Amino acid sequence: AADKFLCGLVGAGIQQSLTPAMQEEEARQQGLRLHYQLIDLDRTPGSLAQLPMLLEAARTIGFDGLNVTFPCKQAVVPLLDELSAPAREMGAVNTVVLHDGRLVGHNTDGSGWAWGLRRALPGADLGRVVLLGAGGAGCAIADALCRMGVGELRIVDADAARAQALAQALLDRFGPRAVALADAAQALHGATGLVHATPTGMAKLPGLAIPASLLRPSMWVSEIVYFPIETDLLRTARALGCRVMDGGAMAVGQAVGAFELFTGRQADAARVERHFRSL
Ligand code: NAD
């Protein structure tokens with residue numbers, strides 16, 4: 001089996017990413033050599049238009065795997081030779097495995113979030129879950145929730161058409177369990193859990209996406225923003241007594257899934273998480 005790997009991340013504005021550290025350290029712990037290269041479109045003239053060229057270059061150079069992030073997760077799809085079933089159904093890829101010159105797309109965002117939920121919030125009630133934000137990450141989480149057997153998924157997005165489109169796509173794939181709602185108060189009424197998947201709470205966008213008064217101590221709250229790790233939403237929910245999961249759990253979960261696809265070896269998820277939290 002191979003013990004040397006060349007991997008990378010393609011996206012814009014990725015200089016702060018903790019993924020290189022997670023991938024390289026887990027490889028080192030397993031006695032593997034793995035180099036993880038940042039390929040930042042903000043530093044590439046032409047940006048997104050360069051994506052086909054970058055994939056061709058990765059194939060030529062002999063990369064084993066690539067992670068793909070904003071703004072490439074959808075744009076990369078038509079450039080690949082094959083897709084996993086979830087990636088095809090979501091129309092979004094965050095992990096590309098290169099093997100024998102073929103490019104195969106996967107998506108570990110949803111499965112990574114699900115890993116984080118099981119780890120941070122075991123036994124979380126999936127009866128009535130609100131998903132706030134139907135963008136790239138929200139779509140992957142919605143897919144994971146449906147696979148996990150969510151009872152009712154209530155989707156809210158500032159862009160109502162996005163929430164509608166996601167609910168419709170889920171209806172086609174999983175039957176009637178998702179609804180798009182315009183009003184966060186209505187959506188959170190009687191909810192068992194909340195997944196926050198908008199950029200609100202990031203260092204450059206502080207605050208809450210919903211009024212704090214809509215939270216109830218009986219709800220679990222999953223945050224996916226992880227710069228900073230402790231967002232206003234998490235602080236507020238924790239103070240109220242909610243069980244919470246921070247954005248680090250998903251970041252670790254997606255990296256663990258990608259490591260396994262890149263190397264063919266299982267990652268020690270607890271070790272990856274300890275390392276992530278020490279960074
Ligand atoms: P995106 O831009 O694709 O989607 C964000 C969605 O939120 C959009 O549909 C937008 O209309 C909606 N939105 C924005 N503000 C809102 C508000 N106040 N109320 C309701 N809806 C609102 O972004 P994305 O790629 O899905 O990422 C979202 C966030 O998740 C980012 O901050 C990113 O840092 C984080 N993220 C974390 C992980 C992780 O591993 N933890 C992975 C991916 C993304």
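Each ligand, and each atom within it, is numbered from 1 in the order the structure gives. The analysis underlying the following values was restricted to heavy atoms, covering all of them including side chains, and did not include hydrogens, waters or symmetry mates. Source: prediction; values computed, not measured. Along the sequence shown, the residues carry numbers beginning at 1.
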Numbered atoms and elements of ligand 1 in range of Ala209, under 4.0 angstrom, heavy atoms: 18 (N)
The atoms of ligand 1 lying under 4.0 Å from a heavy atom of Val225, numbered in the order shown, are 32 (O)
Go through ligand 1 atom by atom and flag the ones less than 4.0 Å from a non-hydrogen atom of Ala251. 39 (C), 40 (O), 41 (N)
Contact (N/O only, under 3.5 Å) between Gly133 and ligand 1: no
Any N or O on Gly247 sitting closer than 3.5 Å to an N or O of ligand 1? yes
May I ask whether Phe70 places a heavy atom under 4.0 Å from ligand 1? no
Would you mind telling me if ligand 1 is within reach of the side chain of Ala184, the backbone, both or neither, using heavy atoms under 4.0 Å? neither
Which hydrophobic side chains are connected to Val76, either touching it within the sub-4.5 Å cutoff or through other members that do? Leu6, Val10, Ile39, Leu41, Leu48, Leu51, Met53, Leu54, Leu55, Ile61, Phe63, Leu66, Val68, Val77, Leu79, Leu80, Leu83, Val93, Val96, Leu98, Leu103
If you take the nearest heavy atom of each of Val156, Asp159, Asp157, which one is closest to atom 11 (O) of ligand 1? Asp157
Residue, atom and distance of the protein heavy atom nearest atom 4 (O) of ligand 1 read Gly135 CA, 3.2 Å
Using heavy atoms and a threshold below 4.0 Å, how should the contact between Met250 and ligand 1 be classified: side chain, backbone, both, or neither? both
Under a 4.0 angstrom heavy-atom cut-off, which atoms of ligand 1 come close to Tyr226? 39 (C), 41 (N)
Can Ile224 be said to touch ligand 1, with heavy atoms closer than 4.0 Å? yes
